[in-house]
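One structure is given here, and the rest of the page talks about it.
Chain letters run A, B, ... following the sequence lines, proteins first and then strands; every chain starts at 1. No experiment lies behind these values; they were computed from the predicted model shown.
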Amino acid sequence: MPELPEVETIVRGLAGKVVGETISRVEVRLPRIALAPPRVDFAAAVTGERIVGVHRRGKYAVLELASGASLVTGLRMTGRLVVAANARHELPGTHVVLHFKGGRRLGFSDVRTFGRMRLVGSNEAWDEKLGVEPLSSYFTPEAFIGMLSGRTTPVKALLLDQRRIAGIGNIYACEALWEARIRPSRPSGRLTKPAAHRLRRAIVDVLERAIEMRGTSIDDYVDADGLQGGFQNNLSVYGKQGRPCPRCGAGIVRTVLAQRGTWWCRGCQK
DNA sequence: CCGTTGCCCTGCCAGC
DNA sequence: TGCTGGCAGGGCAACG
């Protein structure tokens, strides 16, 4: 499931492959995947556009187009964006294909069809609901403490809320809470100041380390070259129920919190 | 505003 | 072996 580090890795890979390319043809095989403003036809509007930049916002990959419009792709759980030289390497469940002049192509695939590729106009504030970028200078201890204070929501649910911090998903929420030695169910407002500082630091640390390892490949994620990441070998608690905690040796448990599987250590997360 | 619930969808796998 | 029911989960709409 692509979270911030996986989307960052995809975007870095795409930058060297698609910037400067002109989209000569667009295939939309599953129309509900490709969204556009009212009365705008996705394929017609995108055809002829040139890609002038690529960036990430939260868990979204954004292709910047020469007209000022953007193609915003949300990968959800199983979505993939992969550049290929030809049709031979096409992934199963490819729903949208951007063909470039010269023959290469960018395919968007998603077996579960939860992901979306959306064309947004230059003035469309598509990301106004998204919270702070955790790897930006705006994610200060003060900003984080402000989010936590007075709230009864379990701190893990707050980490997953994209309106507050953009880009953290289940894997990195679990890992950051373990690193900060904080119990996932702890009410946000009950974190001590040192705990809040530890957690902010842990979020930044775990995201940066995961980007260094090119993301976590549990079952579906691959980068823009179709290659797996390496952070799955560095996970401490995610998916590790029954295994010993790498820090204190107690057994890692799996509970359900905010409808999500939650892995943590009863021994050292308080 | 805030928090919760249900829905979308298919691959996988435990259990029979 | 073959089937099936339940689970996985990010974002969004609807609701209280």
Side-chain angles (χ1 to χ4, degrees), chain A residues 1-11 29-38 56-62 71-81 91-96 108-120 124-134 146-177 184-190 203 207 210 215-222 228 232 235 237-242 253-264:
Chain A
M1 352 156 183
E3 307 178 24
L4 187 154
E6 291 75 34
V7 180
E8 182 66 29
T9 304
I10 290 167
V11 160
R29 299 174 190 165
L30 187 57
R32 66 185 154 85
I33 298 286
L35 308 176
R56 179 194 57 74
R57 174 79 172 98
K59 301 176 193 175
Y60 296 88
V62 183
L71 271 179
V72 179
T73 303
L75 298 162
R76 299 289 189 96
M77 265 84 69
T78 52
R80 309 178 183 191
L81 279 172
L91 292 167
T94 297
H95 306 305
V96 181
F108 174 60
S109 75
D110 187 356
V111 286
R112 260 141 127 174
T113 73
F114 273 15
R116 294 289 182 270
M117 189 177 252
R118 190 150 81 95
L119 175 65
V120 299
E124 211 175 320
W126 67 272
D127 68 340
E128 62 186 351
K129 296 256 175 69
L130 288 180
V132 65
E133 283 291 328
M147 290 177 206
L148 297 167
S149 72
R151 296 187 194 285
T152 55
T153 315
V155 62
K156 189 196 173 202
L158 185 134
L159 297 187
L160 293 173
D161 186 345
Q162 303 300 299
R163 295 171 302 177
R164 308 203 181 280
I165 306 170
I168 302 173
N170 206 24
I171 295 174
Y172 300 109
C174 290
E175 292 294 311
L177 287 162
S185 60
R186 179 110 69 94
S188 303
R190 294 275 185 78
I203 289 166
L207 294 175
T216 302
S217 291
I218 301 281
D219 34 34
D220 290 288
Y221 159 72
V222 291
Q228 299 208 322
Q232 61 276 11
L235 296 173
V237 287
Y238 184 85
K240 309 267 183 194
Q241 67 269 34
V253 296
R254 179 189 182 276
T255 56
V256 175
L257 204 156
Q259 278 89 256
R260 311 241 183 275
T262 300
W263 289 266
W264 57 288

Tell me the interatomic distance from A:His95, atom NE2, to B:dC8, atom C1', rounded to whole angstroms. 13 Å
I want to check one thing: is the phosphate of B:dG3, taken as OP1 and OP2, less than 4.0 Å away from some side-chain N or O of A:Arg164? yes
Nearest-0.5 Å distance, CD of residue A:Glu6 to NZ of residue A:Lys59: 9.5 Å
Taking the side chain of A:Met77 as heavy atoms from C-beta outward, which of C:dG10, C:dG11, B:dT5 is closest to it? C:dG10
For A:Leu4 and C:dG11, what is the distance between atoms CG and C1' respectively, to the nearest whole Å? 16 Å
Could you pull out all residues at least two apart from A:Arg56 that satisfy side chain to side chain contact (heavy atoms under 4.5 Å, CB included)? A:Leu4, A:Val7, A:Glu8, A:Val11, A:Glu133
Under 4.0 angstrom, heavy atoms only, what part of the nucleic acid is A:Asp110 near: base, sugar-phosphate, or nothing? nothing
Gap between atom SG of A:Cys174 and atom CZ of A:Arg254 - 0.5 Å precision: 9.5 Å
From the set C:dA8, B:dC2, B:dG11, return the single nucleotide nearest to any side-chain atom of A:Val111. B:dG11
Whole angstrom is fine here: how far is it from CG in A:Leu160 over to P in C:dG9? 10 Å
Kindly point out which of C:dG10, B:dC2, B:dC9 is positioned nearest to the side chain of A:Arg32? B:dC9
Check this for me: does the side-chain of A:Arg260 come within 3.5 Å of the base of C:dA8 through a donor and an acceptor? no
Minimal heavy-atom distance between A:Leu91 and A:Ser109, with the atoms involved, is CD1-OG, 3.6 Å
Might you point out which heavy atoms bring A:Asp110 and A:His95 nearest each other, and give the distance in Å? O-NE2, 2.7 Å
First of A:Arg151 and A:Gln259 reached from the 5' end of DNA chain B, by closest nucleotide: A:Arg151
Less than 4.0 angstrom between a side-chain N/O of A:Thr113 and OP1 or OP2 of B:dC9, yes or no? no
From C:dC7, C:dG10, C:dC12, pick the nucleotide closest to the side chain of A:Tyr60? C:dC12
For A:Tyr172 and C:dG10, is the shortest distance between a side-chain N/O and OP1 or OP2 below 4.0 Å? no
Taking B:dG11, C:dA8, C:dG11 as options, the one with an atom nearest any side-chain atom of A:Gln162 is C:dG11
Please tell me if A:Lys59 has a side-chain N or O lying less than 4.0 Å from either OP1 or OP2 of C:dG11. yes
Taking atom P of B:dC9 as reference, at what distance in whole Å does atom CZ of A:Arg112 sit? 13 Å
Contact class for A:Thr153 vs. all strands (heavy atom < 4.0 Å): base, sugar-phosphate, or nothing? sugar-phosphate
Closest listed nucleotide, where the reference is the side chain of A:Phe114 and the choices are C:dC7, B:dT5, C:dG10: C:dG10
Please classify the nucleic acid contact of A:Gly74 as base, sugar-phosphate, or nothing, using heavy-atom distances under 4.0 Å. nothing
CG of A:Leu130 versus C1' of C:dC12: gap in Å, rounded? 13 Å
If I take atom CH2 in residue A:Trp263 and atom P in nucleotide C:dG9, what distance separates them, rounded to the nearest angstrom? 5 Å
